[in-house]
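Letters go in sequence order (proteins before strands), and every chain restarts at 1.
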2 protein chains.
Amino acid sequence: MAQESGDTGPIRVGRAEAARWSGALDLLRLVRARPGVTRAEAARVLGVGSGTATEICSRLRALDLIAEHPAPPSGRGRPTTTLHAHPDGPLVAVVDIRQAEWRVAVADLEGALSESATGRHGSKRPEQVLAAVGRALAAVSARHGSRIRAVAVSAAATVRNGRFVQSSVLGWRDVEVAPLLPGVPQVLGNDATLAGLAEARLAHPGKSVLYLTIEVGIGGVFVDGDRAVTGATGAGGEFGHTPFGEPGLPCPCGATGCWDVAVDGRAVARHRGEPEPDDPRAYLIDALVDPGSRAAVAECATSLGRGAAGLANVLDPEVIAFGGLAPEVRRAAPDAFAAAFEAGLMGFRRDDPPALIASGLGPDAFLLGAAEAAFDEVLTEHGLTTWIEARGA
Amino acid sequence: MAQESGDTGPIRVGRAEAARWSGALDLLRLVRARPGVTRAEAARVLGVGSGTATEICSRLRALDLIAEHPAPPSGRGRPTTTLHAHPDGPLVAVVDIRQAEWRVAVADLEGALSESATGRHGSKRPEQVLAAVGRALAAVSARHGSRIRAVAVSAAATVRNGRFVQSSVLGWRDVEVAPLLPGVPQVLGNDATLAGLAEARLAHPGKSVLYLTIEVGIGGVFVDGDRAVTGATGAGGEFGHTPFGEPGLPCPCGATGCWDVAVDGRAVARHRGEPEPDDPRAYLIDALVDPGSRAAVAECATSLGRGAAGLANVLDPEVIAFGGLAPEVRRAAPDAFAAAFEAGLMGFRRDDPPALIASGLGPDAFLLGAAEAAFDEVLTEHGLTTWIEARGA
DNA sequence: ATCAATAAACTCGCATGACGAGCATAATTT
DNA sequence: AAATTATGCTCGTCATGCGAGTTTATTGAT
């Protein structure tokens, strides 16, 4: 994100400053990815000796960043300890804004969510929604004080250069989110992007994961080695707006032939000769169990399979994970899906195709993904430095 | 690329080992990206003090990794020095295997290519081609000795897990390339991937670049911040095999509706009602200047624009760079291209669309990209450690 | 019970790269 | 010739990681 430090003046991160905490950061990230990991195993994974592990752990314990508990002895030898989030350690606040409601929660280093507040918003006015979220966050901040080190907001909206530029389900256009907690880093994320990030990091760490989710339209993200590929402005992953659909068919996004309108409730209605439903998601849920919609749903499953295969050809993922209603669409017409997927893959990929799985994270996926994005801000040299300064003061 | 170090035993890179050379590596990468950069500017860019710069530079000079020349004084103050590749510094050998010929060259840290050998291969037998290339590399190795630190091979073939798994233009299937220079790291790359890597790093450093090139079919790569996104097995970037083409039309890859056969000489011939040409590339070159093919070429330009827009929606590049014959296709029907591109973009992207440019690297792009990939292997802690060991011995 | 075996934590001297303040140097400007 | 300015160089300091050796806590055998 930081570019052209030459012009913008002396930011002066400093090499030693950056390298200083690299071992400690690696340990913290490991504790985050695998809570309760033993210190001995951590040393093996990180490739450090026991002396270094001792040193890093005691440093982090003194800073209230990790806690160590004696591990239940398992076999001969001196028993090791398990590493956990410190009970007074850093936290992040996470927000998920959905069509009719919002949620605010707090996550600790281990990824555990403690629910804090939810609200409904009949109004579509972004200022009102954000004001309500802001009040909930103020309460969180009052409760946890300076332990809150970052805020991440997930919304069903397109994110570009740190703004929500549009959202059909929320009815938002170009919404700037002022700092919700002053002085704390804040990141905004598309809901499908963050859900995919959570799925990739939590269920398939280190792998290349293509995440596809159907709600209204289809979206997702490609996560390559735990890093979301979101392009220049952060608006990548708009898979619904590739011309995989019916050529010429207009899409509300402004383009034509979009995949978005070929896989969801709007597509089912169109195939059945019905008018466009007000709530395509609810319509699709009904259609999935309606025998009269079977052929129309199979068309969607075919489109899902063909598009997933095309994206697999482009992105070469190791895993394709389906979220939202996509697993249901696939399950409703498994043969149609499988045939289209197989036919769409390049020949040489068919011997060893990507694994197709249904995401198992459930409705917390957005908050979990937001926690990932938020801790990405915290677990940096800068984040650690400010944590230490806040402790000292 | 390194995974699961836990099981595979004690590779033990070591944290200090890795951090040790990080400053030196950053300087070497800077000298590579900007040959002739002054030491004073390098210190500013890297964010180190003059003392540290002195230390790093003298260390690298002593190791024959960089050379310093007095810079022409420009204004007041003590004149600085410019940083260059050392005349006895590390080199990489690069290979480009095309339809009817191969080239072998040598690149230094600054990216300068010195041509070494070329050959033609009427035969399509990969063993024969690789044997000829191997002989040329042996000659290179004899001339430069242990200065050659890596080999990179570009070929018009799909790369997967370090093998060439298929190539229609070369007629190859599942070719394993044995080490061409024993004891030296070797990387294989798809030609379009490497050309895009070169275009991105040399012309648009740090940006997100979508590179699209038409030869036979269409391919390319997405380079996000100087890193090629090639997926789990390295076979990403097969943009030609997304279903952007005519639905149902079979493609030699095994899938149907591929973009590949909608933008090249085969597409022009089909639109004209002619049989599939033996050499689609030559056919397209002719068609580009043939008035009778104007409408057919415009169809290809439309398909190119629509597909490029779809990929822009997915990948969110800052720049779309066209290579091969793609700039000519665009130029032959600029209005058709522009209309399709604009129509295919999501509405919110139209205000600030990605820049569309023609690659200017010419036929050396493949070798330059191979040099990038090869130096990525050299400019690592491990690469530097082996360089130092080779010096000492 | 006692003692060997085992695995892991702890101690401590060492190497190293980066830092930064102060000094030296080589150009331009006055 | 002197002042100014930008840069390179020297050197004492520091934090991190290393690694060999030591200690500690558990299991299992005698």
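- If you measure from atom CZ of A:Arg76 to atom P of C:dC3, you get 16 Å, rounded to the nearest angstrom.
- Considering only side-chain N and O atoms, A:Thr54 lies under 4.0 angstrom from the phosphate OP1 or OP2 of C:dC10.
- In terms of position along DNA chain C, the nucleotide closest to A:Gly77 lies nearer the 5' end than the nucleotide closest to the other residue of the pair A:Gly77 and A:Glu55.
- Geometrically, B:Arg59 engages B:Trp21 in a cation-pi contact, judged by NZ or CZ lying under 6.0 Å from the ring centre and within 45° of the ring axis.
- The side chain of A:Pro79 lies closest to D:dT26, out of D:dT26, C:dC19, D:dT16.
- If you measure from atom CG of A:Leu83 to atom P of C:dA9, you get 9 Å, rounded to the nearest angstrom.
- Straight-line distance from the CZ atom of A:Arg39 to the P atom of C:dA7: 18 Å, rounded to whole Å.
- Atom CH2 of A:Trp21 is separated from atom C1' of D:dG17 by 14 Å (rounded to the nearest Å).
- Look at CD on A:Glu68: it is 14 Å from P on C:dA8, rounded to the nearest Å.
- With C:dA9, D:dT27, D:dC18 as the choices, the nucleotide that has an atom nearest any side-chain atom of A:Pro73 turns out to be D:dT27.
- A sub-4.0 Å separation between OP1 or OP2 of C:dA9 and a side-chain N or O of A:Arg61 is absent.
- Comparing A:Ala24 and B:Glu41, the nucleotide of DNA chain D nearest to each residue sits closer to the 5' end for B:Glu41.
- If you take CG of B:Leu384 and C1' of C:dG17, they are 14 Å apart, rounded to a whole angstrom.
- B:Gly51 comes within 4.0 angstrom of a nucleotide base, judged by non-hydrogen atoms across all strands.
- Between the side chains of A:Thr54 and A:Arg39, at least one donor N or O lies within less than 3.5 Å of an accepting N or O.
- Rounded to an integer number of Å, the gap from B:Arg78 CZ to C:dT29 P is 19 Å.
- Comparing atom distances between the B:Ile56 side chain and each of C:dA18, C:dA8, C:dA27 picks out C:dA18 as nearest.
- Across all strands shown, B:Thr80 has heavy atoms under 4.0 Å from sugar-phosphate atoms exclusively, and none from any base.
- Considering A:Asp226, A:Val223, A:Val209 as possible partners of A:His204, the one that fulfils the side chain to side chain contact (heavy atoms under 4.5 Å, CB included) test is A:Val209.
- Checking B:Glu110 against B:His84 by side-chain atom types alone, a donor-acceptor pair falls below 3.5 Å.
- Within 4.0 Å (heavy atoms only), A:Ser50 reaches at least one base atom of the nucleic acid.
- Distance CD (B:Glu381) to P (D:dG17): 15 Å, rounded to an integer number of Å.
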Quick one, B:Asp376 with B:Arg201, criterion salt bridge (Lys or Arg N to Asp or Glu O under 4.0 Å). Give me CA distance, side-chain angles, the key distance, then yes/no. CA-CA 12 Å; B:Asp376 283 351; B:Arg201 292 223 186 138; 2.8 Å; yes

